[in-house]
Peer 1: 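Below you'll find the structure I mean.
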Amino acid sequence: MDKRVASVEVREWGNLIGGEFRTSGELLEVRSPYDNSLVANTFWAPEKDIEEAIQLAQAAFAELAALPTYRRAEILRKMSAGVESRQEELVRMMALEAGKPRKAGRAEVERAIFNLRNASEEAQRIEHEFIALDLLPAGKGRWGIVRRFPIGPILAITPFNFPLNLVAHKVAPALAAGNAVVQKPSPRTPICSLILAEIALDAGVPAGAVNVVSCSNQLAERLVADERFKLLTFTGSGDVGWRLKTRAGKKRVLLELGGNAGVIVHSDADLDSAADRCVRGGFSYSGQSCISVQRIFVHRPVLDPFLTAFVDRVRALQLGDPLDEGTDIGPLISPDAVQRVESWVNEAIAGGAKVLTGGKRQQTIYYPTVLTGTHAKMQVNCAEVFGPVVTVQRFADDDQALAWANDVNYGLAASVWTRDIGRALNAARKLQFGTVWINDHIPLVSEMPHGGFKQSGYGKDLSAYSLEDYTQIKHVMAKLD
């Protein structure tokens, strides 16, 4: 056993089926992307267990939907407290199974704690409305109530990059609304999902209300087509997400399919602040985030001072073992991911791009890289890199910057840096992204919706807005006389 994990027993985790962790099925080894050491063992859920999970979710839905609001809110509060009590365990597991540096993992756990607590509060604020219906003579003596009810069992498919918080993005609003969940985690990072499921059971969630199954993509596509699920919520790649949508039948579908964030830095911006946030936004977790800074457009008069401030900060980032507290840049999730990022950077260099820093690899770590001299059709600009690569281009005027920022198929997040409020609000209006930050980048706030435009998908995670998709409206009308 590798010295990094020798002090901790490699635990065996079963899939959660109806309140029971089952160790049936073929072995699934979870290995570190940093050094390939064995992190944990779990199992590929057999078809019979998956079928039972669906049936138990159906039964639990009726029980969960009937729970009074205060009980659903209480369960979510206890889940939040449970995550907080196991914070360091979760941070360590993210470093091991996802290669996420501890400081980034700690931030993720803190967000999950808040998201679960916030969902508890939103469960108590689901909107209902009384409507007077006597606006026409035919409505005399009549009134109406509009109420939201849970939609039904939910299938949640989650990615590797936020193995705790993106699960909370889906499980929390589902439970807040009164829906049972069957979750399929990434086979690279299933353990954080299972820890959260264990926390949910300890918090009193009804058996079958939360199920976690690791399964093949082929089996997952069959789940997507199953009409017993009333909603599919998927976070992952665009190619997979849009394909799953075609197989989803009549159920609702929520898709969060990645991004290619553009950042506009005007000549009146606070350049130090912009450089700080662009480094954090571009290189946290080696850029493996859908809202990572990927393309920076800098007003011509301040290009040189911005580049100096930005590149100096990038060069100061520490590479190494994600278990080390000082590490900023750890491994990419797989050797294939490293090879892809390397090939895209090499393609840009062959096309005339200049490397200001980085542009090389060390086993599964790709150095944080800054490129200039790129053009819009290079993959480092037009596709989602999902790695520690940022391009910087200069622009001449506002219209050019906005046009370049919008000239991608994705529309998840963007930011604009300026002290001119009129310019900022004009950019916020014209940028074709689901989130636009002004003088900041990446601080997702759980009280606000998260979701994208264009090929980034549709639907919202977080906040009261997410509950619109996890519920259905019923209108009740009564004649009083």
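Below, each value reflects all heavy atoms present in this structure, side chains not excepted, and no hydrogens, waters or symmetry copies.
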Peer 1: Over all heavy atoms of both residues, which pair between Leu116 and Leu76 is shortest? Give the atoms and the distance, please.
Peer 2: O-CB, 3.8 Å
Peer 1: Are a donor atom and an acceptor atom from the side chains of Asn439 and Asp270 found within less than 3.5 Å of each other?
Peer 2: no
Peer 1: Is there a side-chain contact between Leu231 and Leu155 (heavy atoms, below 4.5 Å)?
Peer 2: no
Peer 1: For Ile438 and Ser415: C-alpha separation, side-chain torsions, deciding distance, then whether side-chain contact (heavy atoms from CB on, under 4.5 Å) applies.
Peer 2: CA-CA 6 Å; Ile438 297 172; Ser415 62; over 6 Å; no
Peer 1: Provide the closest heavy-atom pair for Gly359 versus Thr369 in the form atom of the first, atom of the second, distance.
Peer 2: N-OG1, 2.8 Å
Peer 1: Could you walk me through whether Thr418 and Asp420 pass the side chain to side chain donor-acceptor pair (under 3.5 Å) test, one step at a time?
Peer 2: CA-CA 5 Å; Thr418 178; Asp420 184 329; 5.5 Å; no
Peer 1: Report yes or no: does Asp440 contribute a side-chain atom to a donor-acceptor pair with the main-chain N or O of Trp417 at less than 3.5 Å?
Peer 2: no
Peer 1: Do Glu121 and Arg77 pass the salt bridge (charged side-chain N to carboxylate O under 4.0 Å, His left out) test, and can you show the C-alpha distance, the side-chain angles, and the key distance before you say yes or no?
Peer 2: CA-CA 9 Å; Glu121 295 169 2; Arg77 281 197 302 273; over 6 Å; no
Peer 1: Any donor and acceptor pair, going by atom type alone, linking the side chain of Thr327 with main-chain N or O of Asp321 inside 3.5 Å?
Peer 2: yes
Peer 1: If you count every heavy atom of other residues, nucleotides or ligands that lies below 6.0 Å from Lys454 atom NZ, does the total exceed 12?
Peer 2: yes
Peer 1: Donor-acceptor pair, distance only, cut-off 3.5 Å: does the side chain of Gln124 make one with the backbone of Thr69?
Peer 2: no
Peer 1: I'd like to know whether Ser193 forms a side chain to side chain donor-acceptor pair (under 3.5 Å) with Gln183, so could you lay out the CA-CA distance, the side-chain angles of the two residues, the decisive distance to 0.1 Å, and finally the verdict.
Peer 2: CA-CA 8 Å; Ser193 290; Gln183 184 225 341; 2.8 Å; yes
Peer 1: Quick check for you: to the nearest 0.5 Å, what is the distance between Asp312 atom CG and Arg315 atom CZ?
Peer 2: 6.5 Å
Peer 1: Between Asp336 and Ser334, do the side chains contain a donor N or O and an acceptor N or O under 3.5 Å apart?
Peer 2: no
Peer 1: Donor-acceptor pair, distance only, cut-off 3.5 Å: does the side chain of Asp324 make one with the backbone of Gly326?
Peer 2: no
Peer 1: Closest approach of Ala176 and Leu467, non-hydrogen atoms and distance?
Peer 2: CB-CD2, 4.2 Å
Peer 1: Should we say atom CD of Gln218 is surrounded by more than 12 heavy atoms from elsewhere, each under 6.0 Å from it?
Peer 2: no
Peer 1: Check the pair Glu325, Arg106 against salt bridge (charged side-chain N to carboxylate O under 4.0 Å, His left out), reporting the backbone distance first and the verdict last.
Peer 2: CA-CA 10 Å; Glu325 288 288 355; Arg106 198 161 284 117; 3.2 Å; yes
Peer 1: Can you tell if the side chain of Arg295 reaches within under 4.5 Å of the side chain of Asn260, non-hydrogen atoms only?
Peer 2: yes
Peer 1: Compare every heavy atom of Pro33 with every heavy atom of Gly99, then report the nearest pair and how far apart it is.
Peer 2: N-CG, 3.6 Å
Peer 1: Side-chain contact, heavy-atom cut-off 4.5 Å: His299 with Val265?
Peer 2: no
Peer 1: Go through it in stages, so that I can follow the logic: the residues are Glu110 and Gln87, the test is side-chain contact (heavy atoms from CB on, under 4.5 Å), and I'd like the CA-CA distance, side-chain angles, deciding distance and then a yes or no.
Peer 2: CA-CA 8 Å; Glu110 289 169 357; Gln87 180 169 358; 3.8 Å; yes
Peer 1: Supply the atom-to-atom distance Thr435 OG1 to Phe453 CZ, rounded to the nearest 0.5 angstrom.
Peer 2: 8.5 Å
Peer 1: State the CD-OG distance between Gln379 and Ser343, to the nearest 0.5 angstrom.
Peer 2: 7.0 Å
Peer 1: What's the separation between atom CG in Leu164 and atom CZ in Arg86, rounded to the nearest 0.5 Å?
Peer 2: 11.0 Å
Peer 1: Please examine the side chains of Leu371 and Val390, heavy atoms only from C-beta on, and report whether any two atoms are closer than 4.5 Å.
Peer 2: no
Peer 1: Tell me whether Lys360 forms a cation-pi arrangement with Tyr367, defined as NZ or CZ under 6.0 Å from the six-membered ring centre and within 45 degrees of its axis.
Peer 2: yes
Peer 1: Before accepting this row, confirm whether a basic side-chain N of the pair Glu108/Lys103 lies closer than 4.0 Å to the acidic partner's carboxylate O.
Peer 2: no
Peer 1: Between Glu89 and Arg92, does any side-chain N to carboxylate O distance fall below 4.0 Å?
Peer 2: no
Peer 1: Ring of Phe162, cation from Lys100 - is the NZ or CZ under 6.0 Å from the centre and inside 45° of the axis?
Peer 2: yes
Peer 1: Is there side-chain contact between Glu468 and Ile473, with at least one heavy-atom pair below 4.5 Å?
Peer 2: no
Peer 1: Evaluate the side-chain contact (heavy atoms from CB on, under 4.5 Å) criterion for residues Asn15 and Trp44: first the C-alpha distance (whole Å), next the side-chain angles of each, then the deciding distance (0.1 Å), finally the verdict.
Peer 2: CA-CA 8 Å; Asn15 291 287; Trp44 296 102; over 6 Å; no
Peer 1: Strictly below 4.0 Å, N to O, side chains only: are Arg423 and Asp268 in salt-bridge contact?
Peer 2: yes
Peer 1: Kindly state whether the ring of His266 and the ring of Phe395 have centres lying under 6.0 angstrom apart.
Peer 2: yes
Peer 1: Salt bridge check, Arg243 against Glu221: does any charged N sit closer than 4.0 Å to a carboxylate O?
Peer 2: yes
Peer 1: Does Pro150 offer a backbone N or O that forms a donor-acceptor pair with the side chain of Thr471 under 3.5 Å?
Peer 2: no
Peer 1: Looking at Gln294 and Val385, would you say the former's side chain and the latter's main chain have a donor-acceptor pair under 3.5 Å?
Peer 2: yes
Peer 1: Return the OG to CD1 distance between Ser85 and Ile199, rounded to the nearest 0.5 Å.
Peer 2: 6.0 Å
Peer 1: Grab the two heavy atoms, one from Ile329 and one from Ser286, that are nearest each other, plus how far apart they are.
Peer 2: CG2-OG, 3.5 Å
Peer 1: So does Lys377 get a backbone contact from the side chain of Asn381, meaning a donor-acceptor N/O pair under 3.5 Å?
Peer 2: no
Peer 1: Spell out, as yes or no, whether a donor-acceptor pair under 3.5 Å connects the side chain of Ser120 to the backbone of Ala73.
Peer 2: yes
Peer 1: Would you say OH of Tyr458 has more than 12 non-hydrogen atoms from neighbouring residues, nucleotides or ligands within 6.0 angstrom?
Peer 2: yes
Peer 1: One thing to verify: whether Arg277 and Asp272 come together as a salt bridge, which I'm taking to mean a side-chain N less than 4.0 angstrom from a carboxylate O.
Peer 2: no
Peer 1: Regarding Asp469 and Lys460, does a basic nitrogen lie under 4.0 Å from an acidic carboxylate oxygen?
Peer 2: no
Peer 1: Consider only side-chain N and O atoms of Lys170 and Thr233, and report whether a donor and an acceptor are under 3.5 Å apart.
Peer 2: yes
Peer 1: Does Trp13 reach the side chain of Ile195, with side-chain heavy atoms less than 4.5 Å apart?
Peer 2: yes
Peer 1: Step by step, work out the side-chain contact (heavy atoms from CB on, under 4.5 Å) result for Asp276 and Arg313.
Peer 2: CA-CA 7 Å; Asp276 282 339; Arg313 287 165 169 80; 2.4 Å; yes
Peer 1: Do the side chains of Pro153 and Lys230 get nearer than 4.5 Å, heavy atoms only?
Peer 2: yes
Peer 1: Would you find a donor on one side and an acceptor on the other, under 3.5 Å apart, between the side chain of Asn179 and the backbone of Ile151?
Peer 2: yes
Peer 1: Taking CZ in Arg102 as the centre, count heavy atoms belonging to other residues, nucleotides or ligands within less than 6.0 Å. Is the count above 12?
Peer 2: yes
Peer 1: Between the side chains of Arg31 and Glu97, is the shortest nitrogen-to-carboxylate-oxygen separation below 4.0 Å, so that they form an ion pair?
Peer 2: no
Peer 1: For Ile291 and Ile442, which heavy atoms make the closest approach, and how far apart are they?
Peer 2: CD1-CG1, 3.6 Å
Peer 1: Would you give the length of the straight line joining atom OG1 of Thr357 to atom CG of Leu307, rounded to the nearest 0.5 angstrom?
Peer 2: 12.0 Å
Peer 1: So do the side chains of Phe386 and Arg340 get within less than 4.5 Å of each other, counting heavy atoms only?
Peer 2: yes
Peer 1: Using atom types as modelled and distance alone, determine if a side-chain donor or acceptor of Lys78 lies under 3.5 Å from a backbone N or O of Ile75.
Peer 2: no
Peer 1: Under a plain distance cut-off of 3.5 Å, with no hydrogens placed, do Gln455 and Trp242 share a side-chain donor-acceptor pair?
Peer 2: yes
